[in-house]
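One structure is given below, encoded as structure tokens.
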Amino acid sequence: AQSVSQHNHHVILSEAASLELGCNYSYGGTVNLFWYVQYPGQHLQLLLKYFSGDPLVKGIKGFEAEFIKSKFSFNLRKPSVQWSDTAEYFCASSIGGDQTGANNLFFGTGTRLTVIP
Amino acid sequence: GAGVSQSPRYKVAKRGQDVALRCDPISGHVSLFWYQQALGQGPEFLTYFQNEAQLDKSGLPSDRFFAERPEGSVSTLKIQRTQQEDSAVYLCASSWPGPRGNEQFFGPGTRLTVL
């Protein structure tokens, strides 16, 4: 069975500080990894995803994440946060591979990020 | 174009009532998912449709939960004899067919409160 762990429940940063949110997954096979963001009052939106290839993935709004297979990790980073990054961040995994067919996502419990102006 | 829409956005039910939650996926999206998000938790998978076929319902917590997508577009999640533990946000997501890494697009959710 798959599971995803996010160890930071609430992170508070000042603007311009660097961000790193931890994410660990449990699935031992080929895996797809995602970071979703939920801004206050809005629905879940995809920040970035790892499917295959370069383990350093760049997403929208200056976010990036690195897939480290040996550590089962997919941490999210941003060098300088803004007040508008205040949101809930969810890491998720699904079974990977080239076969077609959708796969349900397994989510972590989320990390609430508060950026202080 | 329009994203995934869900209705109602909020639903309050008395324990024992039946409820029906609707999801309108993005036009042309073959795959449709339902997730349940309890307070303070991440979304948890309930069920998955490919067109009108329900291919996976392993996440449905009990036989009180039933989902359908009869024409391969709009989907309804029905909960019979609601219980307090059913209180949660119910999310719908849709995606194109294709490789498993395809992005799922989420709707705003329906917040169900069972009194």
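The chains referred to below are lettered A, B, ... by the order of the sequence lines, with proteins before strands, and numbering in each begins at 1.
Residue B/L46: no heavy atom, backbone or side chain, is found under 4.5 Å from chain A. Only the side chain of B/Q37 comes within contact range of chain A, with at least one heavy atom under 4.5 Å from a heavy atom of that chain.
A 6.0 Å sphere centred on OH of B/Y10 holds no more than 12 heavy atoms belonging to other residues, nucleotides or ligands. In the displayed structure, B/E71 atom CD is contacted under 6.0 Å by at most 12 heavy atoms of other residues, nucleotides or ligands. Counting heavy-atom neighbours within 6.0 Å of B/E44 CD, excluding the residue itself, gives a total of 12 or less. The number of heavy atoms from other shown groups lying within 6.0 Å of CZ (B/R64) is above 12. At most 12 heavy atoms of other shown residues, nucleotides or ligands fall within 6.0 angstrom of atom CG in B/L39.
Residues B/F33 and A/N104 meet the side-chain proximity criterion, which asks for heavy atoms closer than 4.5 Å. A/Y36 is listed as a side-chain neighbour of B/E103, based on a closest heavy-atom distance under 4.5 Å. B/Y35 has its side chain out of reach of A/L44: every pair of non-hydrogen atoms, C-beta onward, lies at least 4.5 Å apart. For the pair B/P43 and A/F90, the minimum side-chain heavy-atom distance is below 4.5 Å.
The stretch residues 46-89 of chain B participates, sequence neighbours left out, in no disulfide bond (SG atoms under 2.5 Å apart) pair at all.
Of the inter-residue distances, the one linking B/S5 atom OG with A/H43 atom NE2 reads 11.0 Å to the nearest 0.5 angstrom.
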